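Below you'll find the structure, written out as structure tokens, and then a few comments.
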2 protein chains.
Amino acid sequence: MAHYDDDSYNAALDRLLLLTVMLNDDMHRGLATDGLTPSRTSLLWTLRRIGPCSQKAIAAAMQISPRTVTGLVDGLVATGFVTREPDPADRRAVLVTFTAKGTAAVDSLIAQQREFSRQLFAAMPPERFAGLVAGLDDVLGTLHALGLRSPF
Amino acid sequence: MAHYDDDSYNAALDRLLLLTVMLNDDMHRGLATDGLTPSRTSLLWTLRRIGPCSQKAIAAAMQISPRTVTGLVDGLVATGFVTREPDPADRRAVLVTFTAKGTAAVDSLIAQQREFSRQLFAAMPPERFAGLVAGLDDVLGTLHALGLRSPF
DNA sequence: TCATCATAATGAGCCATGCTCACTATGCTA
DNA sequence: TAGCATAGTGAGCATGGCTCATTATGATGA
């Protein structure tokens with residue numbers, strides 16, 4: 001009895017992890033076409049969320065070291081997605097700021113994501129979709145209760 | 001109407017991607033305690049799935065270059081998880097083989113995963129669990145139909 | 001048999017992404 | 001103004017991807 005349940009729990013986790021891997025791979029594949037790496041894209045997402053800010057702030061938001069942010073911003077500056085602007089309030093700091101190309105890239109990613117969500121869910125029976133969302137919310141709540149915190 | 005649906009699809013995909021990130025982070029954190037990196041662990045999982053085999057076979061199974069496998073196996077040999085045994089049928093090749101420590105490590109990972117699946121799902125109402133699994137299967141089927149292939 | 005081509009692994013060397021530690025330049029405060 | 005704190009970066013390391021060249025071995029055909 002308990003054994004039977006364990007097996008179905010494991011099968012469910014296997015599905016979840018498989019989905020995790022497949023979604024990750026797909027995201028990374030899509031990125032390559034835009035000349036972006038996963039880490040640099042993550043920085044762009046963060047920048048969109050918190051707005052032009054110091055590298056220190058980006059490091060805190062992404063939970064990586066300030067030194068790593070220097071490297072990522074170097075790459076994004078070299079490829080024209082962001083610029084380093086002087087911070088009028090602190091001459092030690094820079095304000096990492098989108099270029100037009102950077103803004104366009106993030107907008108494109110958002111559009112791609114919307115399209116992908118349509119492809120994933122539009123054909124799903126409403127009841128099943130609702131069941132999936134309820135299940136995901138349950139899992140996310142459980143993870144939160146287990147002490148895992150969202151990176152956002 | 002269509003707009004409303006789009007928003008709920010997006011919200012669902014956001015949940016899925018958030019879950020993806022959180023599960024990934026958690027897995028990687030857990031690994032560090034065992035002295036394993038994510039890539040080396042992935043190789044151990046692969047090796048468990050396909051059995052002692054050449055590095056070439058591992059590269060094919062993991063969809064990475066043979067050169068990268070050389071590096072990963074170097075690390076796993078240095079830390080005592082696997083050994084390189086001569087292939088009796090082909091003196092060019094090696095058979096990557098678990099040590100006792102390697103077998104124990106994989107067994108431990110499996111046990112951790114079973115425990116984690118219990119923590120995630122044991123408290124979930126059976127109906128919601130069933131709804132989650134049905135939804136996940138639907139999504140996996142859709143991904144397959146979209147041309148995304150499982151890495152296994 | 002032996003020359004040729006194919007294959008398994010690795011050396012050399014590149015890039016990206018993470019880290020720490022040390023250092024510079026600047027800000028802040030007593 | 002002296003001294004501590006903070007933002008960013010240089011130096012240097014590890015991991016994990018890659019390609020290309022090389023070595024050793026296997027396999028095949030003349």
Side-chain angles (χ1 to χ4, degrees), chain A residues 21 24-25 27-29 31-47 50 52-79 81-97 151, chain B residues 21 24-25 27-29 31-47 50 52-79 81-97 151:
Chain A
V21 171
N24 252 323
D25 287 359
M27 287 198 312
H28 294 185
R29 257 196 309 274
L31 260 43
T33 67
D34 295 311
L36 283 171
T37 63
S39 293
R40 290 178 193 172
T41 307
S42 173
L43 195 154
L44 291 187
W45 273 106
T46 302
L47 196 58
I50 64 182
C53 61
S54 70
Q55 297 185 178
K56 176 86 174 172
I58 295 174
M62 293 179 71
Q63 300 182 263
I64 58 181
S65 73
R67 186 60 184 86
T68 299
V69 174
T70 296
L72 294 178
V73 172
D74 283 351
L76 288 166
V77 168
T79 47
F81 290 95
V82 303
T83 58
R84 285 189 171 97
E85 303 294 331
D87 183 340
D90 187 340
R91 283 191 299 159
R92 293 170 304 176
V94 298
L95 289 182
V96 181
T97 311
Chain B
V21 171
N24 252 323
D25 288 359
M27 287 198 312
H28 294 184
R29 257 195 308 275
L31 258 43
T33 65
D34 294 311
L36 282 172
T37 63
S39 293
R40 290 177 191 171
T41 307
S42 173
L43 195 154
L44 292 186
W45 274 106
T46 302
L47 196 59
I50 65 183
C53 61
S54 71
Q55 297 185 178
K56 175 87 175 171
I58 295 174
M62 294 179 70
Q63 300 183 264
I64 58 180
S65 72
R67 187 59 184 85
T68 300
V69 174
T70 296
L72 294 176
V73 172
D74 283 350
L76 288 166
V77 168
T79 48
F81 290 96
V82 304
T83 58
R84 284 188 173 97
E85 302 295 331
D87 183 340
D90 187 341
R91 282 193 298 160
R92 295 169 303 178
V94 298
L95 289 181
V96 181
T97 310

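Remember, predicted model here, so these are calculated numbers, not experimental data. Below, all heavy atoms of this structure are taken into account, side chains as well, without hydrogens, waters or symmetry copies. Below, chains carry the letters A, B, ... as their sequence lines are ordered, and counting in each starts from 1.
By the side chain to side chain contact (heavy atoms under 4.5 Å, CB included) test, Thr83(B) is found to be paired with Glu85(B), Thr97(B), Thr99(B), residues two or more places apart in sequence or in another chain being considered. Scored by the side chain to side chain donor-acceptor pair (under 3.5 Å) test, Asp25(A) finds no partners at all (sequence neighbours excluded). For the side chain to side chain contact (heavy atoms under 4.5 Å, CB included) test, residues two or more places apart in sequence or in another chain that qualify with Met27(A) are Asn24(A), Leu17(B). Here Pro38(B) pairs with His28(B), Leu31(B) under the side chain to side chain contact (heavy atoms under 4.5 Å, CB included) rule; sequence neighbours left out. For the salt bridge (charged side-chain N to carboxylate O under 4.0 Å, His left out) test, residues two or more places apart in sequence or in another chain that qualify with Asp90(B) are Arg92(B).
To the nearest angstrom, P of dG8(D) lies 15 Å from CG of Leu76(A). Summarising the geometry, the separation between CG on Leu31(B) and C1' on dT15(D) is reported as 14 Å, rounded to the nearest angstrom.
Under 4.0 angstrom from either OP1 or OP2 of dG10(D) there lies no side-chain N or O belonging to Thr70(A). At dC18(D), one or more side-chain N or O atoms of Thr68(B) fall inside 4.0 Å of OP1 or OP2 (strictly under the cut-off).
Residues of residues 52-63 of chain A having a heavy atom closer than 4.0 Å to DNA chain C: none are found. Less than 4.0 Å separates DNA chain C from at least one heavy atom of each of the following residues of residues 86-95 of chain A: Asp90(A), Arg91(A), Arg92(A).
Pairing each heavy atom of Leu72(B) with each of Ser39(B), the nearest pair is CD2-CB, 3.7 Å. Contact between Leu95(A) and Pro88(A) at its shortest, heavy atoms only, is CD1-CD, 4.1 Å. Taking both residues in full, the closest heavy atoms of Pro52(A) and Leu47(A) are given as CA-CD1, 4.2 Å, listed atom of the first, atom of the second, then distance.
Contact annotation for Ser65(B): base contact, defined as any heavy-atom pair under 4.0 Å involving a base atom.
In this structure, Thr41(B) OG1 and Leu36(B) CG are separated by 4.0 Å, a value rounded to the nearest 0.5 Å. Between the CG atom of Leu76(B) and the OG1 atom of Thr37(B) there is a distance of 7.0 Å, given to the nearest 0.5 Å. The CG atom of Asp34(A) sits 13.5 Å away from atom CZ of Arg40(A), with the distance rounded to the nearest 0.5 Å.
Residue side chain Arg67(A) does not reach the base of dG8(D) through any donor-acceptor N/O pair under 3.5 Å, judged by distance alone.
Legend: side chain to side chain donor-acceptor pair (under 3.5 Å) pairs involving residues 66-75 of chain A, not counting sequence neighbours, sorted by first then second residue: Gln55(A)-Thr70(A), Ser65(A)-Thr68(A), Asp74(A)-Arg84(A). Every pair tested for salt bridge (Lys or Arg N to Asp or Glu O under 4.0 Å) that includes a residue from residues 56-66 of chain A fails, sequence neighbours excluded, so the list is empty.
Defining each end axis of the helix from dT1(C)-dA30(D) to dA30(C)-dT1(D) as the rotation carrying four pairs' C1' atoms onto the next four, with five pairs an end, the two axes are found to diverge by 10° to 10 degrees.
When DNA chain C is scanned in the 5' to 3' direction for atoms under 4.0 Å from non-hydrogen atoms of chain A, the outermost contacting nucleotides are dA16(C) to dG27(C).
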